Number of protein chains: 2
Amino acid sequence: MKTIFSQDQLLHAPRFEVSDGRLEPAKEIPTRAQMVLDRIHAVELGEVFEPNTFSLEPIKKVHDEGYLRFLEGFWEEWLAAGRKEEEAFPFVWPVRELRNDVVPEQIDGKLGYYSFDAGSPLGPNTWKAARKSADTALTGASLISGGERTAFALCRPPGHHAHNKFFGGYCFLNNAAIAAQSLLDSGAKKVSILDVDYHHGNGTQALFYDRADVQFLSIHADPKAEFPYFLGHADEKGIGAGEGFNHNYPLPLGTAWDTWSLALHQSLEQIKRYDPDVVIISLGMDPFEEDPISWFKLQSDDFLRLGQRLAALGKPTLFVMEGGYAVEDLGINCVNVLTAFEEG
Amino acid sequence: MKTIFSQDQLLHAPRFEVSDGRLEPAKEIPTRAQMVLDRIHAVELGEVFEPNTFSLEPIKKVHDEGYLRFLEGFWEEWLAAGRKEEEAFPFVWPVRELRNDVVPEQIDGKLGYYSFDAGSPLGPNTWKAARKSADTALTGASLISGGERTAFALCRPPGHHAHNKFFGGYCFLNNAAIAAQSLLDSGAKKVSILDVDYHHGNGTQALFYDRADVQFLSIHADPKAEFPYFLGHADEKGIGAGEGFNHNYPLPLGTAWDTWSLALHQSLEQIKRYDPDVVIISLGMDPFEEDPISWFKLQSDDFLRLGQRLAALGKPTLFVMEGGYAVEDLGINCVNVLTAFEEG
């Protein structure tokens, strides 16, 4: 399997995050990608190459232009405002009856306007890394469009929490969504995105919620109990033309393979029924039992089973890396999915 | 002038806040109230006495019951969740297409559900202090209902950023709004709330936005440039029955008395036209030129002029303390308004 990756994706290197009610060391750190890369080399999964460079056009199809301009110009604006901190946290958000129709001119106001959490600091290289991460996904999509059966877009920072015009959950550009749109624009009629990250893919869901050409399925911790808290319930089925094309499988904390695999089975049945041209896997590795911020109980061998079941769909499949945090087995688990898929 | 205050209001003592993109020392600290109290004693403004104890009923008329239960039970829940931190910060919020109709069961989800910023940590005594602050406002209202010309509710924590079901901007219960509702329930037909805090009184505006029995007026820094960023524009006039009863005067950073007093003049003209039974002044002292987090340029003598002009309205007037941060002249400025009002 070919892997796409750029060292530039490591340039986003947050130090802290506000999480669980305190300022603590960042979890979404460059080491994550490095661990996966090391394992890819160790098992000789296949060629690892740099992404192509794309214009902003395919990204603009998924994200608001004002949002992209904000991300691109943020660090310069931050410095121009006299800020000395090495990374920036938003601290106020336009919830409920607060207004979303006027973009603040001040930098902290903009930060809140274009985000939904305090866990995703912006630094000097966030845009560069996020842009390259999207290019990695786009390159993966172009491989599939070009006839490859599969490819692995080793995206970092991840993408599935990013919405049309706001970041959060360590995500800035929605790599899987950008890849899906690109596949459609290259001739695919239908794309399924199966999100197996421990956290609901709220951004991806929202981006395609009213559309029938992208089926979204997510197996994740119940949002009543876990981040992102405010999306990912089972009753979210899509609206308008998208009705019936959104499938959430929220599961209780502590879920192991026996229950998790039932949701996987249901997801795969839905995908078969939809019969897409391409499947995108939003590959979060945090259902793993030893993930430091997650509470599912999948074991390393379960990821082999996941890869086998995905292979059995018999569809061109693009893997897009999402979450999963730095533990010893992160690379092993991730590559387990990929090798089992290839052998499946 | 009588002042109402309880030492219990000092029990909320935050250590930090997330503000301007970093974790920094809290600004809304007990010293603020103490400085005002010291000045009240120094100039012998009048009696300072404890608030009466009220049931939750008058607070429930302004705030959502689920929100109040959350605030009341929060610290116990925090400890029950095994948290060891001395104060709690929310870190994720239900903006835009994220859902507001399902209350998360998990403590961090609830924190985000019931807030709009990261600058207002909840601690072990926040509820006790906020409740007592509301009692202070209610006691002030009862003095006015009982025939007093004026009273000073030395509320802390402040209230004007608190909405029906979310806290933020150092505010948990909207003291001025609770007092206004109580005055209406005690026989007043119309109440005007004039908010002179440097920051827009978003909570108070939102609480009465569709009502004609409370006129809301706010003179504040332009939200394009300042907290709360997402409310307080000049085009917010009220809706439905409330149309025409909301008046915002957003002013540029750097505004001094010459311009500020023009907005004050316009506000007072609107109040005269409305002809309320009672006026409530949301008394933020942060338009002061030396306030550490604000950028207006009012001087200590300007607060005497403010007091005189408010007196000239000739209406029963309840002063409710809002913001204004700990600088040497905080007490002097605050008491300048009150003494000038009494002499006016």
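Quick caveat: nothing in here was measured; it's all calculated off a predicted structure.
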Margin query: On a heavy-atom basis, which atom in A:Val95 and which in B:Trp93 lie closest, and how many Å separate them?
Written below: CG1-CB, 3.8 Å
Note to self: Could you measure the distance from the NE2 atom of A:His163 to the CD atom of B:Glu97? Nearest 0.5 Å is fine.
What the structure shows: 5.5 Å
Note to self: Which one wins on heavy-atom pair count under 4.5 Å against chain B: A:Lys224, A:Glu236, A:Glu226, A:Lys110?
What the structure shows: A:Lys224
Next item on the list: Can you tell which part of A:Pro121 gets under 4.5 Å to a heavy atom of chain B, answering side chain, backbone, both or neither?
Entry: neither
Notebook entry, point to check: Does NZ in B:Lys128 sit with more than 12 non-hydrogen atoms of other residues, nucleotides or ligands closer than 6.0 Å?
Noted result: no
Next item on the list: Could you please spell out the steps behind the side-chain contact (heavy atoms from CB on, under 4.5 Å) verdict for A:Val92 and B:Phe227?
Entry: CA-CA 8 Å; A:Val92 53; B:Phe227 189 93; 3.6 Å; yes
Notebook entry, point to check: For A:Glu86, what residues pass the side-chain hydrogen bond (donor to acceptor under 3.5 Å, both in side chains) criterion, not counting sequence neighbours?
Noted result: none
Margin query: Are more than 12 heavy atoms, taken from residues, nucleotides or ligands other than A:Lys60, located less than 6.0 Å from that residue's NZ atom?
Written below: yes
Margin query: Just to be sure I understand the criterion: a residue of residues 197-216 of chain B counts if one of its heavy atoms is under 4.5 Å from a heavy atom of chain A. Which ones qualify?
Written below: B:Asn202, B:Ala206
Next item on the list: Please work out whether the ring planes of B:Tyr229 and A:Phe91 are parallel, tilted or perpendicular, with thresholds of 30° and 60°.
Entry: perpendicular
Item checked: Under 4.5 Å from any heavy atom of chain B - which part of A:Phe166 -> side chain
Item checked: Which atoms of A:Ser120 approach chain B - backbone, side chain, both or neither, heavy atom under 4.5 Å -> neither
Next item on the list: Side-chain contact test, heavy atoms from C-beta onward, threshold under 4.5 Å: evaluate it for A:Phe230 versus B:Pro104 and give yes or no.
Entry: yes
Item checked: B:His233 vs A:Arg99 side-chain heavy atoms within contact, under 4.5 Å -> yes
Note to self: Against the six-membered ring of A:Tyr113, is B:Arg96 placed for a cation-pi contact (under 6.0 Å from the centre, within 45° of the normal)?
What the structure shows: yes
Next item on the list: Kindly write out the residues that satisfy side chain to side chain contact (heavy atoms under 4.5 Å, CB included) with A:Trp260, not counting sequence neighbours, or none if the list is empty.
Entry: A:Val196, A:Ile219, A:Leu251, A:Thr255, A:Trp257, A:Leu264, A:Pro287, A:Phe296, A:Leu298, A:Leu306
Notebook entry, point to check: Atom CG in B:Asp117, atom CG in A:Leu98: separation rounded to 0.5 Å?
Noted result: 10.0 Å
Next item on the list: Sequence neighbours left out, what passes side-chain hydrogen bond (donor to acceptor under 3.5 Å, both in side chains) with A:Glu65? Give chain and number order.
Entry: none
